[in-house]
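See below for the structure under consideration.
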Amino acid sequence: MDAGNLSVVSEFVLLGLCHSWTMQVLLLLMFFMLYLIIVFGNIAIIILIITDPHLHSPMYFLLANLSFVDMWLCSVTTPKMITDFVRENKTISFSGCMCQVLFVHFFGGGEMVLLVVMAYDRYVAICKPLHYSTIMNLQKCIGLVATSWTIGFAHAMSQMAVIVQLPFCGPREIDSFFCDIPLVIKLACIDSYNLGILMNADSGVPAMTCFIVLLISYTYILLTVRQSSKAGTSRALSTCTAHITVVVLFFGPCIFIYVWPLSITWVDKFLAVFYSVITPLLNPAIYTLRNKEIKTAIKRFRSYCIYPKGNI
């Protein structure tokens, strides 16, 4: 196609999750409530970990960072999805679409690495308990978290460096509620098949690599736990089970979206909702309900708020 005949696409149309007005109203109410729970739930965990001295340990430092990432990962797409439920024209500007692509992969890539860091923390705590405080000191924790942010940023920029140079001249409808790499590439005015495979590999290969590393790590940890004393087994198993649950919930949708060769629209939409809304919703619940120290910290915080003078 002659480059001179290409028109610049200034905005894209998001087709959303459904077309029924009644269903959109129900989804609006549901996702609005879920979004509030996600934001306030993750903020509550962050505040709890910061204010409670008993939670000033590497594991909870990493958990606070996970809550922070989850909150922003959800905020990249969910507010736009909620407001679009009441709009007839569900459009997003070209720059807004590129921002969604950038930040979804920035926070998503960062969370992948952060989950690996959390597995490493559990490995050191369970397999090398005598050296735990030395290995996982504050400086090391900050360095590992900074590394996760850096890798997430590098991953996002590797996606953006390619997609911003693509020519968009014709179709502008995205059959989803937000902009994601596979769907946006299909709208480019070029033969995007090979490029789509390459870009999916850029997300799918790191996701699969991190997932396999995490499976191996937690398998080794669980085997080590089985050989340890019964006193510490229950707590270690509870912590590792929570971590493994979060890993499966996060990586499952990612692998299906970027690695699975078949693309089924309703399945992709469901996985996108699960990835961007349900996982950030379940993470605080999983860590809160399965963690005795978090439960105890909540009770201390509640008693302090009710009887502040008695806690001075």
Side-chain angles (χ1 to χ4, degrees), residues 12-50 63-93 95-112 114-115 152 156 174-180 183 242 245-254 256-257 266-290 294 298:
F12 296 102
V13 178
L14 300 173
L15 299 184
L17 296 177
C18 64
H19 301 290
S20 168
W21 173 252
T22 304
M23 184 60 69
Q24 288 189 68
V25 172
L26 291 175
L27 291 175
L28 165 66
L29 297 174
M30 182 179 72
F31 282 114
F32 180 69
M33 292 302 298
L34 291 178
Y35 182 64
L36 291 180
I37 294 171
I38 290 168
V39 172
F40 288 112
N42 282 293
I43 288 176
I45 288 179
I46 295 170
I47 293 174
L48 194 66
I49 291 172
I50 292 174
L63 176 57
N65 278 275
L66 179 64
S67 292
F68 182 78
V69 173
D70 273 336
M71 182 174 63
W72 284 107
L73 180 61
C74 176
S75 297
V76 173
T77 59
T78 308
K80 171 65 176 170
M81 175 180 63
I82 292 171
T83 57
D84 278 349
F85 283 133
V86 294
R87 290 179 180 174
E88 186 174 349
N89 297 319
K90 301 174 175 58
T91 59
I92 183 171
S93 66
S95 58
C97 185
M98 295 301 105
C99 283
Q100 280 195 339
V101 171
L102 173 66
F103 287 110
V104 163
H105 287 269
F106 174 42
F107 292 116
E111 183 160 342
M112 285 184 193
L114 186 58
L115 289 171
I174 298 175
D175 195 2
S176 184
F177 61 93
F178 77 104
C179 295
D180 199 9
L183 300 175
T245 304
V246 169
V247 166
V248 172
L249 289 175
F250 180 80
F251 281 95
C254 291
F256 271 96
I257 290 173
W266 71 267
V267 174
D268 289 343
K269 287 184 180 183
F270 171 77
L271 292 174
V273 170
F274 199 95
Y275 170 81
S276 58
V277 179
I278 306 301
T279 300
L281 173 71
L282 292 178
N283 282 358
I286 291 169
Y287 284 111
T288 301
L289 296 176
R290 296 190 62 87
I294 291 285
I298 292 173

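The figures that follow rest on heavy atoms only: side chains count, while hydrogens, waters and symmetry mates do not.
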Between Thr91 (side chain only) and Phe12 (backbone N and O only), is there a donor and an acceptor less than 3.5 Å apart?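 Not at all, since once roles are kept as given, no pair shorter than 3.5 Å links the two residues.
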Using modelled atom types and a 3.5 Å cut-off, is there a donor and acceptor pairing between side-chain atoms of Gln100 and backbone atoms of Cys179?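 Yes, because the side chain of Gln100 sits within donor-acceptor range (under 3.5 Å) of the backbone of Cys179.
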Closest non-hydrogen atom pair, [X] against [Y]:
{"X": "Pro79", "Y": "Cys74", "value": "CD-O, 3.9 Å"}
{"X": "Pro280", "Y": "Val277", "value": "CD-O, 3.3 Å"}
{"X": "Thr83", "Y": "Arg87", "value": "O-CG, 3.5 Å"}

To the nearest 0.5 Å, tell me how far [X] [atom1] sits from [Y] [atom2].
{"X": "Ile294", "Y": "Leu63", "atom1": "CD1", "atom2": "CG", "answer": "5.5 Å"}
{"X": "Leu66", "Y": "Glu111", "atom1": "CG", "atom2": "CD", "answer": "5.0 Å"}
{"X": "Leu73", "Y": "Phe106", "atom1": "CG", "atom2": "CZ", "answer": "11.0 Å"}
{"X": "Met112", "Y": "Phe107", "atom1": "CE", "atom2": "CZ", "answer": "14.5 Å"}

Under the criterion side-chain contact (heavy atoms from CB on, under 4.5 Å), which of Thr78, Asp84, Leu17, Leu15 is the partner of Phe177? Leu17
One pair to check against side chain to side chain contact (heavy atoms under 4.5 Å, CB included): Phe178 and Leu183. What are the steps and the verdict? CA-CA 9 Å; Phe178 77 104; Leu183 300 175; over 6 Å; no
Asn65: side-chain hydrogen bond (donor to acceptor under 3.5 Å, both in side chains) partners, not counting sequence neighbours: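 None.
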Set out, in order, the CA-CA distance, both residues' side-chain angles and the distance that settles side chain to side chain contact (heavy atoms under 4.5 Å, CB included) for Thr77 and Phe103, then state yes or no. CA-CA 9 Å; Thr77 59; Phe103 287 110; over 6 Å; no
What do the steps show when you test Cys97 against Ile174 for side chain to side chain contact (heavy atoms under 4.5 Å, CB included), and what is the final call? CA-CA 10 Å; Cys97 185; Ile174 298 175; 4.2 Å; yes
Atom CZ of residue position Phe270 - does it have more than 12 heavy atoms of other residues, nucleotides or ligands inside 6.0 Å?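 Atom CZ in Phe270 is not packed in, count stays at 12 or less.
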Parallel, tilted or perpendicular: which fits the ring planes of Tyr275 and Phe250, with parallel below 30° and perpendicular above 60°?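 Tilted, since the angle between the ring planes falls between 30° and 60°.
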Side-chain polar contacts of residues 22-49 - donor-acceptor pairs under 3.5 angstrom, sequence neighbours left out - could you list them?
unit_1, atom_1, unit_2, atom_2, d
Gln24, OE1, Lys90, NZ, 3.2
Tyr35, OH, Ser75, OG, 2.8
Asn42, OD1, Ser67, OG, 3.4
Asn42, ND2, Ile38, O, 2.8

